[in-house]
Protein chains: 2
Amino acid sequence: MAKAGSTSRPTRIQREKRQAIFEAALDVFSEKGLRGATLDQIAEAAGLSKQNIVYYFNGKEAIYSELLESLLEEWVRPLRDLSADGDPLDEILTYVSRKMEMSREMPRESRLFATEILHGAPRLGNMLTEDLKTLVDEKAAVIANWMVEGRLATIDPHHLIFSIWAMTQHYADFDLQVQAVLGPVRSETRFEDAEGFIRHMLVRALHP
Amino acid sequence: MAKAGSTSRPTRIQREKRQAIFEAALDVFSEKGLRGATLDQIAEAAGLSKQNIVYYFNGKEAIYSELLESLLEEWVRPLRDLSADGDPLDEILTYVSRKMEMSREMPRESRLFATEILHGAPRLGNMLTEDLKTLVDEKAAVIANWMVEGRLATIDPHHLIFSIWAMTQHYADFDLQVQAVLGPVRSETRFEDAEGFIRHMLVRALHP
DNA sequence: TCTTTTTCTGACCGATCGTGCAGAAATACC
DNA sequence: GGTATTTCTGCACGATCGGTCAGAAAAAGA
């Protein structure tokens with residue numbers, strides 16, 4: 001009788017099935033968007049029945065919201081790991097590498113967040129204006145401090161972060177366009193060249 | 001009896017109503033996506049009845065497709081206008097300015113194309129692999145030639161173009177996130193700072 | 001083994017949405 | 001003014017989709 005989403009500890013089956021649904025939902029939502037996706041598609045991708053999906057989650061929107069929520073931490077971790085103690089250029093280039101790695105290995109997550117923000121991010125709510133803003137302001141301050149110390153060229157740290165987001169995520173979100181324009185090129189080459197280009201840009205821009 | 005979309009010349013009413021529908025559709029589609037948008041929403045935004053919408057277009061998808069088609073030319077014009085005869089850095093910075101202007105003045109169009117590509121671009125079809133690829137290859141060759149002549153630093157021209165797309169369109173597509181992170185800042189300031197940053201990056205990266 | 005709890009399914013409902021169509025209303029044409 | 005054409009609406013159908021619910025099936029617990 002007890003609902004699956006209750007407060008008590010989840011059973012093995014609950015953990016496995018909910019994980020399978022998340023995985024399937026990531027597939028479907030990242031490809032079709034929240035409204036374009038159907039419960040049937042998610043169910044089929046997860047190998048479950050539609051009613052069984054509803055058994056584990058309170059409807060489609062709940063899956064979507066919880067999925068976003070569950071991915072958020074990992075998504076911003078590279079920026080969180082940018083350390084004031086390291087070498088300035090190293091820290092920033094490492095951040096770029098990790099963002100490029102995510103574009104390569106987690107394009108579905110990238111597209112999911114992109115679509116959400118693109119369409120008004122009603123579900124990310126104050127995550128953006130509070131948590132994310134706080135994090136970015138903190139790291140921008142770190143970078144600004146490096147600039148004051150003369151260890152980096154002086155440019156706007158916020159827009160620096162935006163430009164890194166833009167350039168790296170571009171290769172996940174618009175990979176289709178990139179592939180269309182570049183023509184048949186090995187996937188590894190594509191990402192290696194892209195990362196090399198971005199690193200080159202930033203080295204030039206940030207060298208004091 | 002003659003359908004509105006026939007081959008004969010359109011009447012004044014047809015031109016006006018179809019334009020009104022395009023305008024409304026741009027509003028709704030850019031905000032909700034193809035599947036999230038409904039004919040009723042478009043009809044209301046256009047000040048027409050749903051059935052009247054169908055009278056002028058062969059269904060929802062037709063509006064979407066024709067809208068994309070009608071915007072494509074204008075969308076790529078800045079790149080098309082990049083001239084081999086001008087000063088290399090001037091040409092590229094002018095391109096950036098025009099792209100930033102579009103992000104500022106045409107965010108709906110930017111989001112429309114972004115969403116379309118993000119979700120597989122089934123309607124842009126060979127527009128990407130043929131027309132766009134041809135155009136980009138042509139301009140990349142122009143830029144590469146400038147580099148051979150020693151008038152620009154040598155970097156990958158394709159990824160240079162991608163990075164300009166990424167950075168400029170970022171301020172249209174993810175404006176919500178940018179605003180959330182920057183906090184309350186005048187819109188003009190936001191775009192001016194962004195353009196200044198991008199120009200600064202590119203000048204540093206491209207100076208021979 | 002027997003009972004309890006969890007997990008899953010079949011049948012179904014209400015709402016939404018895209019679309020078709022006959023005919024009314026408005027406009028253009030002669 | 002009368003006819004032809006275009007423009008618009010009322011009505012309604014069929015399909016899709018999210019969600020409900022009773023109860024079967026399976027698993028866990030005793």
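Here is the naming used below: chain letters follow the sequence lines, and residue numbers restart at 1 for every chain. Since the model is a prediction, treat every value here as computed from it, not as a measurement.
- One atom, CG of B/Leu39, and another, P of C/dG20, lie 11 Å apart when rounded to the nearest Å.
- Put simply, CD1 on A/Ile53 is 13 Å from C1' on C/dT7, counting in whole angstrom units.
- The distance from atom CZ of A/Phe57 to atom P of D/dT20 is 16 Å, rounded to the nearest whole Å.
- Within 4.0 Å (heavy atoms only), A/Ala37 reaches sugar-phosphate atoms of the nucleic acid but no base atom.
- The base of D/dG10 is paired with the side chain of B/Gln51 by a donor and an acceptor separated by under 3.5 Å.
- The pair B/Glu23-B/Arg108 counts as a salt bridge, with a side-chain nitrogen and a carboxylate oxygen less than 4.0 angstrom apart.
- Atoms NZ (A/Lys32) and C1' (D/dC17) sit 14 Å apart, rounded to a whole Å.
- One atom, NZ of A/Lys50, and another, P of C/dT9, lie 14 Å apart when rounded to the nearest Å.
- Rounded to an integer number of Å, the gap from A/Tyr55 OH to D/dG23 P is 18 Å.
- Of the listed nucleotides (D/dT7, C/dT19, C/dC8), C/dC8 has the atom at the smallest distance from the side chain of A/Lys17.
- Spacing between atom CG of B/Asp40 and atom P of D/dT9 amounts to 13 Å, rounded to whole angstrom units.
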Start with the C-alpha distance between B/Val142 and B/Glu91, add both sets of side-chain angles, then the distance that settles side chain to side chain contact (heavy atoms under 4.5 Å, CB included), and finish with yes or no. CA-CA 11 Å; B/Val142 168; B/Glu91 287 293 326; over 6 Å; no
Residues A/Phe22, A/Phe57; criterion side chain to side chain contact (heavy atoms under 4.5 Å, CB included); working and verdict: CA-CA 10 Å; A/Phe22 270 154; A/Phe57 288 91; 4.0 Å; yes
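- Between B/Ser49 and D/dT9, a side-chain N or O to OP1/OP2 separation shorter than 4.0 Å is present.
- Taking the side chain of B/Thr38 as heavy atoms from C-beta on, and the options D/dT9, C/dC8, C/dG18, the nearest nucleotide is C/dG18.
- Counted by atom type alone, A/Ser97 and A/Arg199 present one or more donor-acceptor pairs between their side chains at under 3.5 Å.
- If you take CZ of B/Arg15 and P of D/dT7, they are 11 Å apart, rounded to a whole angstrom.
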